[in-house]
**Student:** 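Before I ask anything, here is the structure I am working with.
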Amino acid sequence: MAKRPVPKYDFKAFGAAIKAARTGRKESRKKVSDEMFISPRYLANIENKGQHPSLQIFFELMRRYNISVDQFLLETPPEKNTQRRQMEHDIQKIETKDEVIHDDSRRR
């Protein structure tokens with residue numbers, strides 16, 4: 001039986017988003033690779049060449065950098081794009097720190 005002709009999804013935009021998020025956090029490729037138990041070359045190929053990551057690595061990168069795959073996989077724009085998700089994550093971290101500061105000041 002012949003193989004069904006299916007166009008391969010181009011992961012270059014996803015790789016670019018991963019690289020932008022990683023460099024935005026000032027994380028080295030080595031640090032991320034070590035923490036995710038993958039080779040730096042594999043991560044570089046995902047970021048720069050659009051190499052197809054395994055489903056597990058794809059999921060871990062999305063979660064690590066709060067990236068919405070909707071903007072890459074869906075034809076209609078998502079309600080929250082990657083930048084908005086990252087901004088909300090950063091705001092949440094700031095609010096959490098602010099709550100700790102307020103709690104400390106009340107105890108004094």
Side-chain angles (χ1 to χ4, degrees):
M1 184 187 316
K3 211 173 183 185
R4 184 174 70 116
V6 178
K8 251 185 153 177
Y9 180 77
D10 184 4
F11 273 86
K12 286 182 183 171
F14 176 74
I18 293 297
K19 185 174 186 175
R22 179 182 59 76
T23 57
R25 288 189 184 181
K26 297 181 178 20
E27 292 181 333
S28 72
R29 199 174 279 136
K30 171 101 171 85
K31 175 187 183 292
V32 174
S33 298
D34 287 348
E35 290 175 0
M36 293 183 66
F37 300 99
I38 59 175
S39 75
R41 182 173 296 254
Y42 180 48
L43 181 57
N45 286 340
I46 292 169
E47 291 179 344
N48 299 323
K49 296 180 180 178
Q51 179 175 335
H52 290 212
S54 70
L55 183 58
Q56 183 64 37
I57 297 301
F58 179 74
F59 180 74
E60 288 178 25
L61 288 168
M62 285 183 344
R63 299 275 310 213
R64 181 181 186 107
Y65 295 114
N66 299 303
I67 291 179
S68 168
V69 295
D70 294 350
Q71 70 190 55
F72 303 108
L73 302 179
L74 300 179
E75 292 181 19
T76 58
E79 290 180 29
K80 293 182 181 181
N81 64 12
T82 296
Q83 290 81 13
R84 182 173 178 122
R85 287 178 189 270
Q86 289 172 343
M87 182 180 68
E88 287 177 353
H89 177 74
D90 291 343
I91 289 170
Q92 199 172 29
K93 286 191 322 190
I94 291 169
E95 288 174 347
T96 302
K97 287 179 184 176
D98 192 39
E99 289 172 7
V100 171
I101 292 169
H102 286 302
D103 284 346
D104 287 347
S105 64
R106 290 182 190 154
R107 292 179 186 164
R108 293 181 184 165

**Student:** To the closest 0.5 Å, what do you measure between NZ (Lys12) and CD1 (Ile46)?
**Tutor:**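 Interatomic distance, Lys12 NZ to Ile46 CD1, rounded to 0.5 Å: 14.5 Å.
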
**Student:** Tell me, please, which residues at least two apart from Asn45 pass side-chain contact (heavy atoms from CB on, under 4.5 Å).
**Tutor:**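 Listed in chain order: Arg41, Lys49, Gln51.
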
**Student:** Provide the closest heavy-atom pair for Pro40 versus Ser33 in the form atom of the first, atom of the second, distance.
**Tutor:**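 In terms of heavy atoms, the two residues are closest at CA-OG, 3.1 Å.
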
**Student:** Would you say the side chain of Val32 lies within less than 4.5 Å of the side chain of Arg64, judging by non-hydrogen atoms?
**Tutor:**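 In contact.
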
**Student:** Taking the side chain as C-beta and beyond, is there a heavy-atom pair between Phe58 and His52 under 4.5 Å?
**Tutor:**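 The answer is no, as the side chains (C-beta and beyond) never meet within the 4.5 Å cut-off.
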
**Student:** Are the side chains of Leu61 and Leu43 in contact, using a 4.5 Å heavy-atom criterion?
**Tutor:**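 They are in side-chain contact.
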
**Student:** Between side-chain atoms of residues 16-23 and protein atoms elsewhere (two or more places apart, or another chain), which donor-acceptor pairs fall under 3.5 Å?
**Tutor:**
unit_1 : atom_1 : unit_2 : atom_2 : d
Lys19  : NZ     : Asn48  : OD1    : 2.9
Arg22  : NE     : Glu47  : OE2    : 2.7
Arg22  : NH1    : Glu27  : O      : 2.9
Arg22  : NH2    : Glu47  : OE1    : 3.0
Thr23  : OG1    : Lys19  : O      : 2.9
Thr23  : OG1    : Ala20  : O      : 3.2

**Student:** Test side chain to side chain donor-acceptor pair (under 3.5 Å) on Gln92 and Glu88; report intermediate values, then the result.
**Tutor:** CA-CA 6 Å; Gln92 199 172 29; Glu88 287 177 353; over 6 Å; no

**Student:** For Tyr9, enumerate each residue passing the side-chain contact (heavy atoms from CB on, under 4.5 Å) test, keeping only those at least two apart in sequence or located in another chain.
**Tutor:**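 With sequence neighbours excluded, Tyr9 shows a side-chain contact (heavy atoms from CB on, under 4.5 Å) to Phe11, Phe72, Leu73, given in chain and number order.
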
**Student:** Is any side-chain heavy atom of Tyr42 less than 4.5 Å from a side-chain heavy atom of Pro53?
**Tutor:**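 Yes - at least one pair of side-chain heavy atoms lies under 4.5 Å apart.
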
**Student:** Please identify each residue that fulfils salt bridge (charged side-chain N to carboxylate O under 4.0 Å, His left out) with Asp10, with sequence neighbours left out.
**Tutor:**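 Per chain and number, Asp10 pairs via salt bridge (charged side-chain N to carboxylate O under 4.0 Å, His left out) with no residue.
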
**Student:** Within this structure, what is the CD-CZ distance for the pair Glu60 and Phe37, rounded to the nearest 0.5 Å?
**Tutor:**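 Nearest 0.5 Å value for the CD-CZ distance: 9.5 Å.
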
**Student:** List the residues meeting side-chain hydrogen bond (donor to acceptor under 3.5 Å, both in side chains) with Lys31, not counting sequence neighbours, and say none if there are none.
**Tutor:**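 For Lys31, the residues satisfying side-chain hydrogen bond (donor to acceptor under 3.5 Å, both in side chains) (neighbours in sequence not counted) are Glu35.
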
**Student:** With sequence neighbours excluded, what pairs up with Asp34 under the side-chain hydrogen bond (donor to acceptor under 3.5 Å, both in side chains) test?
**Tutor:**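 For Asp34 the side-chain hydrogen bond (donor to acceptor under 3.5 Å, both in side chains) partners, ignoring immediate neighbours, are Lys30.
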
